There are 2 protein chains.
Amino acid sequence: MKTEAATAGRRPTIKDVAEAAEVSRSTASRALTGRGYVAPAVRERVRRTAQTLGYVPDVLARNLRQQVSRSIGVLVSDLRNSFYADLASGISRQSRQRGYAMMLADDHGSVAAELEAAETFVALRVAGVILTPLSAEVSEYLGRHQIPVIEVDRQFAEGKQDAVVVDNRAAAERVTSRLLGTGHRRVALLIDEMDWTTGRDRLVGYRSAFHAAGIPADDALVIRSGWDVGAAQEVARGLLSTPDRPTAVFAANNVLAEGVWRAAQDLGLRIPEDISLVSFDDAPWMTMVRPGVTAVAQDAVALGEAAVAQMFHRIENPASPARTVMLSVSVEQRGSTAPPATA
Amino acid sequence: MKTEAATAGRRPTIKDVAEAAEVSRSTASRALTGRGYVAPAVRERVRRTAQTLGYVPDVLARNLRQQVSRSIGVLVSDLRNSFYADLASGISRQSRQRGYAMMLADDHGSVAAELEAAETFVALRVAGVILTPLSAEVSEYLGRHQIPVIEVDRQFAEGKQDAVVVDNRAAAERVTSRLLGTGHRRVALLIDEMDWTTGRDRLVGYRSAFHAAGIPADDALVIRSGWDVGAAQEVARGLLSTPDRPTAVFAANNVLAEGVWRAAQDLGLRIPEDISLVSFDDAPWMTMVRPGVTAVAQDAVALGEAAVAQMFHRIENPASPARTVMLSVSVEQRGSTAPPATA
DNA sequence: CTGAAAGCGCTTACAG
DNA sequence: CTGAAAGCGCTTACAG
């Protein structure tokens, strides 16, 4: 059974299988897909033939014919950041379980790269896109091309678009309240952006903790930083060098927390005796250092899985209203927080 | 210019563009792809029409017709491990730059999942696959289907298959030699596998350092551990509790190093006074803890980029002999290593 | 129960 | 300079 395909060195197609099994392509297709009738004996013969030829159907061609898509596009900011990597991991596992392949791209923070990746996804006819958006345009663009979009971690068009997020406001309020409750008054917030829902809501939660405690919040303690460790370290060094330095710092994410940690080391400040530290986002190093760093822990893998679930919900109910799924977080209480020395 | 596509709510095809621009599909195609002749005025009209219709060509259909593939498959062990995430990041960036989309899957250590993912890649007709192999079968399987394979980090068929790795032997010898050179005699190797080239070569390097120094190696100091932090921590706790405990531990990867670090903390052992520690693989936490951990640093992003380069080399030179690319590593000397107390 | 024909969205020799 | 026709690999009503 030497087929032409084998001789020519090209991949066998269904035509090769059909010829070798001496049936038509129609029958071969029905035998292999299991859709439509075919005599049991014939089906067996076709399947065996496919097996021996090493035939693997071209699912791209199949999908084209069936006018369906079995892949999803995933677009995150930076795979080297463990938060996004975990997210991708959750999405990957969950989507493969449903028989969908994952196309992954990262935009390394560039709005242009983000849009370019979105265009690629449209051209690839993915069934949907899960992304951590950098701009409002990208979701709009994909929506215009009728591609379901799930925003994860942050949202641009709150309530207009499906999203999977955590309750940033509540979590920020919770950890800030704890600090205030143990006697801290000068609690600084180190933050790198307030344009996204993440930053905005964390700021709001921080402020409402002061309000709830009846303590006036000092806006000078809301410190803006660049987004990388070096920038945060420098800003934190300045903040912690002032005579009336805060007694506690709430870092709005794990990168900023790393900057604060390093700055405290640089200045010889002891944690928590001289300064308490809380991080939004947990990270592996926070349990390695002494003392451990108290952190708001998001389960990024679960976030990814929930995004996939929402995506399929959307695909099955195209007309249902936009939904925002909120996942809970946990606060990992560690040694970096304690009552202030002066209290 | 209300097209049928717009009215029906389906995506515009080249047929819609052609009709709206009042040309044939052939001409529309030539105008949009730039291949083949078309009158300048006509080309402009077609392009404008496509623009206003929001036409995005289906690249899957195009690739089917052209019998080419513009995607690569990537298969790693676990995206949540920063080494693999960095690898994927390098591959992603480099492949998009060449106009290829990346399909990503992770096998979470399961040989069955690995093979399943490989089958999906064949069905998807990827141009090639880059993977961190778990078994010899997967590369064989892909090879049988004429899909170029690049093995990264570890190899199964050394010299028979393209690969991008680091010189594990040389690096392991280098760090072990340094320990011996500063007076250590009882240097343990903590290792989780010796079936892959990674583990095997690190062991060989460790041993040849002893040989080169003329010091007899004690095989009882080669300690086998499970692959996760908990297992390593337990094994290390046993090792460090013995009366004749080693004066230095060389952990064969970053997960094992974390286990050793935690075990030392558990036992109240000071690093480096009581025990020196070296890790193969750097990790963020190693610069956060005090003292920092001396590590062999592999640039995983660069590894990924090199794998993509090798993949395109292979695609362009299908018959060229298998090539193993070896990337250099650096040794990050930090505070966790010092001469032994008794020296 | 099976096969001939059409067609998914695209490109490309080829004829005019 | 342009369009009709064929065909990539597949599936699916439909006729027999």
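Sequence lines set the chain letters: A, B, ... in the order given, protein chains first and strands last, and positions in each chain run from 1. Here the structure is a predicted model, which is why all the values come from computation and not from measurement. Scope of the values below: all heavy atoms of this structure, side chains included, with no hydrogens, waters or symmetry mates.
Rounded to whole Å, atom C1' of dC8(C) lies 11 Å from atom CG of Asn63(A). For the pair Glu19(B) CD and dG3(D) P, the interatomic distance rounds to 13 Å; values are reported in whole Å. At whole-Å resolution of the value, CG in Asp58(B) and P in dG9(D) are 16 Å apart. One can place OH of Tyr55(A) at 10 Å from C1' of dT11(D), the figure rounded to the nearest angstrom. Per the geometry, CZ belonging to Arg70(B) stands 20 Å off P belonging to dC8(D), to the nearest Å. Between Lys15(A) atom NZ and dA6(D) atom P there is a gap of 16 Å when expressed in whole angstrom units. The CZ atom of Arg35(A) sits 19 Å away from the P atom of dT2(C) (whole-angstrom rounding). The CZ atom of Arg10(B) sits 14 Å away from the P atom of dG7(C) (whole-angstrom rounding).
Here dT2(C) is the nucleotide among dT2(C), dC10(D), dC10(C) with the atom lying nearest to any side-chain atom of Val38(A). Relative to the side chain of Ala39(B), the nucleotides dC1(D), dA5(C), dC10(C) differ in distance, and dC1(D) lies closest. The Ser29(A) side chain lies nearest to dT11(D) when the options are dC10(C), dC8(C), dT11(D). Residue Thr13(A) places its side chain closer to dG9(D) than to any other of dG9(C), dT11(D), dG9(D).
Side-chain contact of Thr27(A) with Arg30(A): a donor-acceptor pair under 3.5 Å is present, judged by distance alone.
Summarising the base pairing, dA13(C) is matched to no nucleotide, lacking a Watson-Crick or G-U wobble pair whose two defining distances lie under 3.5 Å. The pairing partner recorded for dA4(D) is none, the criterion being a Watson-Crick or G-U wobble arrangement whose two distances lie under 3.5 angstrom.
Nearest-nucleotide assignment on DNA chain C puts the 5′-proximal partner with Pro40(A), out of Pro40(A) and Arg65(A). Taking for each of Thr27(A) and Arg30(B) the nucleotide of DNA chain D with the nearest heavy atom, the 5'-most of the two is the partner of Arg30(B).
Looking at heavy atoms from C-beta onward, Val301(A) lies in side-chain contact with Glu305(A) at the 4.5 angstrom threshold.
Heavy atoms of Val59(B) sit nowhere under 4.0 angstrom from any nucleic acid atom. At a threshold of 4.0 angstrom between heavy atoms, the contacts of Arg25(B) include nucleobase atoms, whether or not backbone atoms are also involved.
A sub-4.0 Å separation between OP1 or OP2 of dG9(C) and a side-chain N or O of Gln67(A) is present. An OP1 or OP2 oxygen of dG3(C) is reached within less than 4.0 angstrom by no side-chain nitrogen or oxygen of Tyr37(A). Here Ser24(A) reaches the OP1 or OP2 of dG3(C): one of its side-chain N or O atoms lies under 4.0 Å away. Not one side-chain nitrogen or oxygen of Ser26(A) sits closer than 4.0 Å to the OP1 or OP2 atom of dG3(C). Between Gln66(B) and the phosphate of dC10(C), there is no side-chain N or O to OP1/OP2 separation shorter than 4.0 Å.
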Any chance you could lay out the salt bridge (charged side-chain N to carboxylate O under 4.0 Å, His left out) test for Arg11(A) and Asp16(A), step after step, and finish with the verdict? CA-CA 9 Å; Arg11(A) 284 199 187 90; Asp16(A) 299 310; over 6 Å; no
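No donor-acceptor pair under 3.5 Å is formed between the side chain of Ser89(B) and the backbone N or O of Leu79(A).
Using a cutoff of 4.0 Å between basic side-chain nitrogens and carboxylate oxygens, Arg154(A) and Asp195(A) are not scored as salt-bridged.
For the atom pair CD (Glu116(B)) and CG (Leu75(B)), the distance works out to 11.0 Å, reported to the nearest 0.5 Å.
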